[in-house]
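Let me begin by presenting the structure, written as structure tokens, before commenting on it.
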Amino acid sequence: MPELPEVETVVRGLRPAMERHRIVSVRLARPDLRFPFPDNFSDILTGARITSLSRRAKYALADLDNGWVLIMHLGMSGSFRVQDTSAETQPGQFHHERSKDTLHDHVRFDMETGTQVIYNDPRRFGYMSVVERRALEQHKLFSGIGVEPLGNALSADYLAARFNGKQVPMKAALLDQRIIAGLGNIYVCEALWRARISPRRKAASLVRRDGRPTQRLHALVDAVRSVLGDAIEAGGSSLRDYVHADGSLGYFQHAFSVYDREGEPCPRQTCSGVIHRIVQSGRSTYYCPVCQR
DNA sequence: CGCATCCCCTGCCTGC
DNA sequence: TGCAGGCAGGGGATGC
């Protein structure tokens with residue numbers, strides 16, 4: 001599920017349970033997710049206080065008071081839920097009484113408050129690690145990563161420099177985390193629709209011969225920002241009931257304009273097109289061939 | 001180097 | 001109702 005807006009919403013949802021609180025123990029149901037947990041994982045986390053939770057690209061980061069950072073990536077199917085131990089839940093519940101919902105609980109953080117933060121991930125494409133704060137930017141996961149799409153570093157000039165000469169389709173260029181970090185399949189489709197740009201167009205075609213951005217590239221930057229901003233807003237507005245009755249985090253309803261709407265009419269008022277689905281780099285792209293050129 | 005393809009894993013939906 | 005096949009919002013590894 002999670003792209004940047006979902007991770008941002010997860011981080012906000014986890015703050016009350018984790019920020020400023022100490023982790024008293026960590027339980028791992030298995031030695032790995034996508035990658036093995038590092039050997040020192042539990043040692044670093046046990047007894048540490050989380051000073052702040054933040055997001056970088058699609059990573060959730062927990063700064064610890066011992067100088068380390070907990071890195072969490074939710075992959076395709078990762079989610080968190082928060083639950084109190086006081087009520088019906090038994091302390092040992094993590095390792096037995098596995099229902100359909102708890103089958104893929106892989107990590108449990110026990111907070112000093114008595115709250116449990118549980119990571120569930122059926123497909124196990126997510127992963128966690130720990131790194132010293134001062135080494136974070138040099139860490140393999142972050143050293144080659146692109147700009148934050150909602151930060152000042154994303155501009156038409158920046159994209160013109162990165163797209164210049166690129167023969168890949170727009171879809172692939174926007175999914176490339178080395179250029180912009182945090183966009184995923186859904187929001188790339190949505191941003192291209194808003195900017196009226198075909199996902200099949202070559203990235204370089206939005207750069208002028210003198211290397212300056214075209215008007216359409218300016219429009220694309222605006223579209224990326226607005227699509228993500230709207231999605232975060234939708235997540236935020238659902239945040240008040242964001243921790244559901246079962247404590248689950250991470251999902252909120254958001255209407256998409258083209259994603260998963262193959263065969264439906266293009267929602268643009270003045271457009272008579274129909275949404276098409278094509279496959280690009282092995283993944284579904286949805287777009288309107290009439291208004292996206 | 002850039003780019004395409006395959007792969008990791010489980011669950012869910014479709015069609016036969 | 002069972003079962004095969006396709007698909008899923010992540011990205012890493014490999015080979016050209």
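Naming: A, B, ... by sequence-line order, numbering from 1 per chain. We use all heavy atoms of the structure for the numbers below, so side chains are in, but hydrogens, waters and symmetry mates are not.
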Legend entry - Candidate pair A:F256 and A:Y286, rule ring pair (Phe, Tyr, Trp, His ring centres under 6.0 Å), full reasoning: CA-CA 11 Å; A:F256 303 122; A:Y286 298 88; 10.0 Å; no
Legend entry - Euclidean distance, atom CG of residue A:L74 to atom C1' of C:dG10 [Å, nearest integer]: 10 Å
Legend entry - B:dT5 versus C:dC7 - spacing of their P atoms, nearest Å: 15 Å
Legend entry - B:dC9 phosphate, OP1 or OP2, under 4.0 Å from A:H104 side-chain N/O: no
Inset, instruction - Round to the nearest Å and state the distance from A:Q177 atom CD to C:dG10 atom P. - result: 8 Å
Inset, instruction - Report yes if at least one side-chain N or O of A:S284 is closer than 4.0 Å to OP1 or OP2 of C:dA8; otherwise report no. - result: yes
Legend entry - Identified salt bridge (Lys or Arg N to Asp or Glu O under 4.0 Å) partner of A:D63 from the options A:R134, A:R133, A:R49, A:R55: A:R133
Inset, instruction - Respond yes when some side-chain nitrogen or oxygen of A:K58 is under 4.0 Å from OP1 or OP2 of C:dG9, and no when none is. - result: no
Inset, instruction - Calculate the interatomic distance between A:L4 atom CG and C:dG11 atom C1'; express it in whole Å. - result: 16 Å
Legend entry - Presence of salt bridge, A:D32 and A:R124, under 4.0 angstrom: no
Inset, instruction - For C:dG9, give its Watson-Crick or G-U wobble partner with both distances under 3.5 Å, or none. - result: none
Inset, instruction - Could you check A:R283 against A:V279 and say which one's nearest nucleotide on DNA chain C is further toward the 5' end? - result: A:V279
Legend entry - Nearest-Å distance once atom C1' is located in both B:dG11 and C:dG12: 22 Å
Legend entry - Pair partner, B:dC9 [Watson-Crick or wobble, under 3.5 Å]: none
Inset, instruction - Give one of base, sugar-phosphate or nothing for A:G282, where a contact means two heavy atoms less than 4.0 Å apart. - result: nothing
Inset, instruction - Report yes or no: does A:K171 contribute a side-chain atom to a donor-acceptor pair with the main-chain N or O of A:S284 at less than 3.5 Å? - result: yes
Legend entry - Nearest-Å distance for atom pair CG/P, residues A:D176 and C:dG10: 13 Å
Legend entry - Donor-acceptor contact below 3.5 Å, side chain A:R216 vs main chain A:R196: yes
Legend entry - Residue mapping more 5' on DNA chain B - nearest nucleotide basis, A:G165 or A:R34: A:G165
Legend entry - Among B:dA4, C:dG9, C:dG12, the one nearest A:N185 by side-chain distance: C:dG9
Legend entry - Expected output: side-chain A:Y259 to main-chain A:V188 donor-acceptor under 3.5 Å: no
Inset, instruction - Using a cut-off of strictly less than 4.0 Å, decide whether A:Q167 has a side-chain nitrogen or oxygen near OP1 or OP2 of B:dG2. - result: no
Inset, instruction - Specify the separation, in whole Å, of atom OH of A:Y127 and atom P of C:dG10. - result: 12 Å
Legend entry - Selection from B:dC9, C:dG12, B:dT5 that lies nearest to any side-chain heavy atom of A:F125: B:dC9
Inset, instruction - Could you tell me whether A:R56 and A:E137 have a side-chain N and a carboxylate O separated by less than 4.0 Å? - result: no
Legend entry - Separation of C:dG10 C1' from A:E6 CD (nearest whole Å): 12 Å
Inset, instruction - Name the closest nucleotide to the A:V168 side chain, picking from C:dG10, B:dT10, B:dC3. - result: B:dC3
Legend entry - Distance below 4.0 Å between A:K140 side-chain N/O and C:dG12 OP1 or OP2: no
Inset, instruction - Report yes if a side-chain nitrogen or oxygen of A:Y259 is closer than 4.0 Å to either non-bridging phosphate oxygen (OP1 or OP2) of C:dG9; otherwise report no. - result: yes
Inset, instruction - Return the value, rounded to whole Å, for the distance between atom CG of A:D32 and atom C1' of B:dC8. - result: 11 Å
Legend entry - No-H, no-angle donor-acceptor pair, A:R123 side chain to B:dC9 base, under 3.5 Å: yes
Legend entry - side-chain N/O A:R124 vs B:dT10 OP1/OP2, d < 4.0 Å: yes
Legend entry - Nucleotide B:dG11, atom P - distance to CE of A:M76 in whole Å: 14 Å
Legend entry - Minimum-distance nucleotide (side-chain atoms of A:L141 versus C:dG9, B:dG2, C:dG12): C:dG12
